[in-house]
Amino acid sequence: MASTILLALVSLSLIELMPHHAIADPADGFTSLSLGRSNFVIHKPYDVSESERYSFQNGIHKLWVYSADKPFMSGSNTSPRTEVRVRGYDYTSGVWQFEGYAYVPSGTTGVSIMQIFGGASAATTMMLRVYNGALSYYRTPIAQNIYDRWFRVNVIHDAGAPKVKVYIDGSLVHEADGNGASSHYFKFGVYAQEGASDYMESRWRGIKVLRK
C-alpha cells in the first residue's frame, strides 16, 4: 500500500515538472505592419462632423451611430455607419490578419462591428455582427456574452484559398470560405444591419494589421 502511494506521488511530481504547452497565439508567424493616424480614415454620416460620431482618446477609438442617421455620402443608399477604414494595406493576395480589442455596450444590436471589404460574390468577404449580446459571422452566432467587456478579435484572411478564420480571446471560433478574389481592406466600428438598435456603439484599442 505504501509503495503504491509513493508511486502515485512520484507520478504527480513528474507531471508537475513536465512543460505546459500553451495554445498557439493566432498572431504567431505574422509580421505586424506599421500603423499611424494617417492609416485610419473615418466613414461617418455625411451631414455631421467627425467629432459628433467618433473620438480617439487614451488609445481608444469610440464610434457611434444612430439608426436614423444619413449614409456616409450623399446619394448613397447604404445604411448608417461610423467606421474606420484602414488605408494603406489594401490587398488582393497573401495571408493577412486584423487584430484588435473590442468593447460593445449592452443595447447595441443589429450591427456590423468589423468587416473585410471586397469580394467577387458579395460586397464583403466577412462581417462580424452583434445581435442581442452574441457575436455572429454574418448571421451565424460564434460567441456569446460579449456585451460590456473587452474581448480580443483576430481575423485571418488567406486571400488565395480563399479562407477566413476568426479567433475570439485567442480561441478559434469560426472558419469559412471567402467570397472570391477582389481588392480587400479592413474596417471596424459600427455599420447598421437589419434589426438595428436606435443607437449603436463599439470601442476599439490595440489595432494591428499583420501579414505572412
Side-chain angles (χ1 to χ4, degrees), residues 33-91 98-119 122-139 143 146-153 155 157 166 179 182-209:
L33 305 176
S34 176
L35 278 179
R37 184 64 183 86
S38 63
N39 296 108
F40 299 135
V41 178
I42 312 302
H43 290 178
K44 45 80 180 174
Y46 70 82
D47 62 338
V48 298
S49 65
E50 182 177 297
S51 63
E52 292 179 90
R53 295 293 184 272
Y54 168 81
S55 69
F56 182 68
Q57 296 181 344
N58 301 318
I60 297 174
H61 303 266
K62 180 181 176 181
L63 309 100
W64 64 99
V65 76
Y66 296 88
S67 60
D69 275 343
K70 303 290 187 184
F72 78 105
M73 58 184 284
S74 180
S76 171
N77 61 0
T78 58
S79 298
R81 74 183 78 189
T82 305
E83 294 181 297
V84 172
R85 186 260 205 249
V86 179
R87 179 172 62 186
Y89 294 115
D90 294 18
Y91 62 94
F98 171 91
E99 178 179 295
Y101 290 82
Y103 182 99
V104 180
S106 57
T108 289
T109 193
V111 64
S112 169
I113 62 168
M114 186 265 159
Q115 62 172 293
I116 301 174
F117 187 82
T124 61
T125 283
M126 65 132 280
M127 277 187 173
L128 293 183
R129 299 181 184 178
V130 174
Y131 292 104
N132 301 314
L135 190 68
S136 294
Y137 188 96
Y138 291 106
R139 291 308 302 258
I146 56 92
Y147 278 155
D148 302 324
R149 68 178 184 90
W150 287 100
F151 56 95
R152 184 186 179 194
V153 177
V155 176
H157 181 206
V166 180
N179 284 330
S182 181
S183 180
H184 304 285
Y185 54 81
F186 299 121
K187 300 181 78 176
F188 62 93
V190 278
Y191 180 21
Q193 304 297 308
E194 64 274 11
S197 50
D198 291 338
Y199 175 80
M200 293 154 274
E201 177 189 323
S202 73
R203 306 169 203 170
W204 291 84
R205 59 179 173 83
I207 302 299
K208 293 180 182 179
V209 173

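In this chain, numbering begins with 1 at the start of the sequence shown. Since the model is a prediction, treat every value here as computed from it, not as a measurement.
- Residues in residues 100-112 take part in no salt bridge (charged side-chain N to carboxylate O under 4.0 Å, His left out) pair, two or more places apart or across chains.
- Checked against V84 for a side chain to side chain contact (heavy atoms under 4.5 Å, CB included), the options N39, V41, I207, I42 give a single hit: I42.
- Looking at residues two or more places apart in sequence or on another chain, you find a side chain to side chain contact (heavy atoms under 4.5 Å, CB included) between R139 and R129, Y131, E194.
- Residue pairs that meet the salt bridge (charged side-chain N to carboxylate O under 4.0 Å, His left out) test with at least one member in residues 77-86, sequence neighbours left out, are R81-E83, E83-K187, R85-D90.
- Not counting sequence neighbours, the partners of S202 by the side-chain hydrogen bond (donor to acceptor under 3.5 Å, both in side chains) test are W204.
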Throw together a table of side-chain donor-acceptor distances under 3.5 angstrom for residues 106-114, partners on residues two or more places apart or in other chains.
residue : atom : partner : partner atom : Å
S106    : OG   : D148    : OD2          : 3.3
T108    : OG1  : E201    : N            : 3.1
T109    : OG1  : N132    : N            : 2.8

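- Here NZ of K70 is found 12.5 Å from OG1 of T78. Values are rounded to the nearest 0.5 Å.
- In this structure, Q57 places its CD atom where only 12 or fewer heavy-atom neighbours from other residues, nucleotides or ligands lie under 6.0 Å away.
- Closest of all the heavy-atom pairs between S197 and S67 is O-CB, 3.5 Å.
- Checked by atom type, the side-chain pair T124/Y138 shows a donor-acceptor distance below 3.5 Å.
- What you find for I146 and A134 is that their closest heavy atoms are CG1-C, 4.2 Å.
- Legend: residues meeting side chain to side chain contact (heavy atoms under 4.5 Å, CB included) with R152, ordered by chain and number and at least two apart, are D25, P26, A27, E99, Y101, N154, D169.
- The side-chain heavy atoms of T125 and F117, taken from C-beta on, include no pair separated by under 4.5 Å.
- Qualifying side-chain hydrogen bond (donor to acceptor under 3.5 Å, both in side chains) partners for Y54, counting only residues two or more places apart in sequence or in other chains: H61.
- Listed by chain and number, the residues in a ring-ring contact (aromatic ring centres under 6.0 Å, His included) with Y89 amount to none (sequence neighbours excluded).
- Pairing each heavy atom of M126 with each of Y137, the nearest pair is CB-OH, 3.4 Å.
- Every side chain to side chain contact (heavy atoms under 4.5 Å, CB included) that S49 has, sequence neighbours left out, goes to S51, E52.
- The pair K44-D69 does not count as a salt bridge, with every side-chain nitrogen at least 4.0 angstrom from each carboxylate oxygen.
- Judged as a side chain to side chain contact (heavy atoms under 4.5 Å, CB included), and not counting sequence neighbours, the contacts of S79 are Y191, A192.
- Ring geometry for H184 against Y91 counts as tilted: the plane angle lies between 30° and 60°, on a 0 to 90° scale.
- For the atom pair CZ (F98) and CD (Q115), the distance works out to 11.0 Å, reported to the nearest 0.5 Å.
- For Y66, there are no side-chain hydrogen bond (donor to acceptor under 3.5 Å, both in side chains) partners two or more places apart in sequence or in a different chain.
- Contact of the P71 side chain with the N77 side chain is not registered, since no non-hydrogen atoms from C-beta on lie closer than 4.5 Å.
- In this structure a side-chain-to-backbone donor-acceptor pair under 3.5 Å is present from Y147 to G133.
- Listed by chain and residue number, nothing satisfies the side-chain hydrogen bond (donor to acceptor under 3.5 Å, both in side chains) test with K62 (two or more places apart in sequence, or in another chain).
- Of all non-hydrogen atoms in V190 and L63, the two that sit nearest each other are CG2-O, 3.8 Å.
- Side-chain contact between R205 and Y103 is absent, with no heavy-atom pair separated by less than 4.5 Å.
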Audit row: S55, W64, side-chain contact (heavy atoms from CB on, under 4.5 Å) steps and yes/no:
CA-CA 9 Å; S55 69; W64 64 99; 4.2 Å; yes
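- With rounding to the nearest 0.5 Å, the separation of CD1 in I116 from CZ in F188 is 14.0 Å.
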